[in-house]
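Let me begin by presenting the structure, written as structure tokens, before commenting on it.
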Amino acid sequence: MAMLEVKDLNVYYGVIQAIKGVSFSVDEGEVIALIGANGAGKTTILHTVTGLVAPKSGSIIFEGKVITKVPAHKIVSLGMAHVPEGRRVFAQLSVLQNLKMGAFTRKDKDEVEHTLEAVYRRFPRLEERRNQLAGTLSGGEQQMLAMGRALMSKPRIILMDEPSMGLSPILVDEIFDIIRSVSAGGTTVLLVEQNAKKALGIADRAYVLETGTIVKEGVASQLLEDDAIRKAYLGE
Amino acid sequence: MKFLSYLINGISLGSVYAIIALGYTMVYGIAKMLNFAHGDVIMVGAYAAFACIMNASLPPYAAVLVAIVVCTVLGVLIETVAYRPLLSAASSLAVLITAIGVSYFLQNVVLLIFGANAKSFQSVVSLPNLKLADGALNISGVTIVTVISCILIMLALTAFISRTKTGQAMLAVSEDKGAAQLMGINVNGTIAVTFAIGSGLAAIAGVLLCSAYPSLSPYTGSMPGIKAFTAAVFGGIGSIPGAFLGGLLLGIIEILAKGYISTELSDAIVFSVLIIILLVKPTGLLGRKMQEKV
Ligand SMILES: Nc1ncnc2c1ncn2[C@@H]1O[C@H](COP(=O)(O)OP(=O)(O)OP(=O)(O)O)[C@@H](O)[C@H]1O
Ligand SMILES: [Mg+2]
């Protein structure tokens, strides 16, 4: 049974249909990439999965539980974290306060300290800057903070929306290394990216989204060889 | 001596404004809306205390407690019934107009129950006056209680926000409701708590205000409400220390203007100062520039 299963999802903004009958699944331990051009509906799908947007129809099943109608604030304690597009760190709060927000629903205080240490080990720069206001961090540091904040909830699955957006090539490599190591640590990853090459490079399987519909799916390494994909998304 | 006594009266009135302004500023900071019915919640609080003392002969502290409970419940009711259905869908203009409607609604309900005649409010403070400098400086018990209450409320609120989970949730919601939800924060619940706190404080402000200025009518809340809103803007709307500072300054300016210039002109002077400050510093004294989202 898939860890996360999305079935026949339809999402509207007013009268405009942004997602048209999308289905996909994520197995435990996988890295799944969801790629597509601007406006294809990638963010909308993630928002719908974590309850920020309500679908018109379709179902979302996480670890056997139907979460289609679960409100957004009850999702994270189920074991699903979402690193939103544009990072959305709390700019007026310190790095440490931001990280603690990530553990907002956790009751195990001592364990939270351990998680914090683990996050600091993964992102030493966050520890150096723990008292700095998040709004004053660089783009790359904010991305790390957004990821660290999500990891503070100890998620079993993490949804990431364009973590490489707006970053320099070196930082992009760094971010993808981190995603790989998060995955190696046992967390399932659903990765939304416009950087198809990088995303397909670390993913197990991938789905290609065009104007609200999944037009292709398959093993990532095979999609990397696919001529149509190479033309449309890899600029070749 | 005259100046000193004006100053003390100004601080006392300013403390009331500050307590009311906290309600405006917290609701604005967290729900991003102007709750124009806030002033009328003050009035309801004062009437609740009045009814407890006059009709039920409760001791003053019990009357204050009842007023706080009544206003807290009222605040949450206003938020859930009148505002919440609008927050997600409608424009901020719709919320504003609803707030004005709620304001008239409260005034008219009180008018129906208690009538239009002004009531003489019996002070809840029975402390004797403090006479200093051989009686040249006379500080009333209400003044002392008001200033101390305001300081305690500020300290308690600051501690609440920095130390408790609900306080941290308020900070997160005030910045980004969506991201706050992803952290597991119940945004609607947090907004309701904000209304509850603001309205509970409004009850305290109403009782203190009417203890100092004992005439109570269904319109008692409007002018202090508008002044406290001004104070909140003056200090920087959304900022808690700003509400405190803005309230105090407004009260002091108002009393000094009344004392030295003219009672009739005092309100005009107060609002002129506000306009000048906002021209120089549009975000208010302690308001921060709106951070641009990347
Ligand atoms: N809040 C909204 N209201 C109305 N339309 C929206 C809203 N959010 C997104 N849309 C529309 O829905 C479609 C899908 O948008 P979405 O943000 O999901 O795309 P995306 O694949 O994430 O794009 P990008 O790569 O640019 O982030 C777009 O046509 C967009 O204009
Ligand atoms: Mg997007």
Side-chain angles (χ1 to χ4, degrees), chain A residues 14 43 46-47 49-54 70-94 96-107 109 133-139 142-143 145-146 149-150 152-153 155 158-159 161 165-167, chain B residues 25-26 28-32 80 84-85 87-91 158-194 236-242 283-284 286-294:
Chain A
T43 299
L46 292 197
H47 278 183
V49 170
T50 45
L52 290 173
V53 170
V70 174
H73 70 271
K74 292 199 171 142
I75 294 289
V76 67
S77 49
L78 298 177
M80 180 186 291
H82 181 164
V83 184
E85 183 176 63
R87 304 104 165 86
R88 288 169 75 171
V89 296
F90 300 109
Q92 308 290 347
L93 304 186
S94 71
L96 179 58
Q97 280 176 306
N98 267 277
L99 291 174
K100 290 205 163 145
M101 284 295 175
F104 189 83
T105 55
R106 286 179 60 182
K107 304 269 185 291
K109 280 207 164 140
L133 289 188
T136 63
L137 296 176
S138 73
Q142 289 192 12
Q143 186 59 52
L145 179 55
R149 185 178 67 175
M152 285 300 292
S153 67
I158 188 164
L159 280 43
D161 198 341
M165 186 170 54
L167 301 183
Chain B
T25 228
M26 285 176 68
Y28 181 82
I30 288 153
K32 299 289 177 286
T80 44
R84 188 176 298 175
L87 277 182
S88 53
S91 68
T158 310
F160 176 78
I161 289 179
S162 60
R163 303 267 163 84
T164 67
K165 283 213 112 154
T166 313
Q168 293 292 298
M170 286 177 172
L171 290 179
V173 172
S174 78
E175 275 207 47
D176 187 332
K177 292 192 180 63
Q181 289 182 74
L182 294 180
M183 303 299 111
I185 293 166
N186 181 343
V187 169
N188 283 339
T190 307
I191 291 177
V193 171
T194 309
I237 189 125
S239 153
I240 286 177
T283 51
L286 301 184
R288 30 177 190 232
K289 266 241 220 41
M290 284 295 155
Q291 280 254 328
E292 269 176 67
K293 284 263 151 67
V294 192

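Lettering follows sequence order; numbering is per chain, from 1.
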Next on the checklist: Taking the six-membered ring of A:F90 as reference, does the cationic atom of A:R149 (NZ for Lys, CZ for Arg) lie under 6.0 Å from its centre and within 45° of its axis?
Outcome noted: yes
Side chain from CB out, backbone as N, CA, C, O: work out which of these in [X] comes under 4.5 Å of a heavy atom of chain B, or both, or neither.
{"X": "A:S77", "answer": "neither"}
{"X": "A:L52", "answer": "side chain"}
{"X": "A:A81", "answer": "neither"}

Atom pair [atom1] ([X]) and [atom2] ([Y]), whose distance is rounded to the nearest 0.5 Å:
{"X": "A:L46", "Y": "A:M80", "atom1": "CG", "atom2": "CE", "result": "9.5 Å"}
{"X": "A:F104", "Y": "B:Q168", "atom1": "CZ", "atom2": "CD", "result": "8.5 Å"}
{"X": "A:H82", "Y": "A:R88", "atom1": "NE2", "atom2": "CZ", "result": "8.0 Å"}

Checklist entry - Most heavy-atom pairs under 4.5 angstrom with chain A, which of B:L171, B:V187, B:I185? => result B:I185
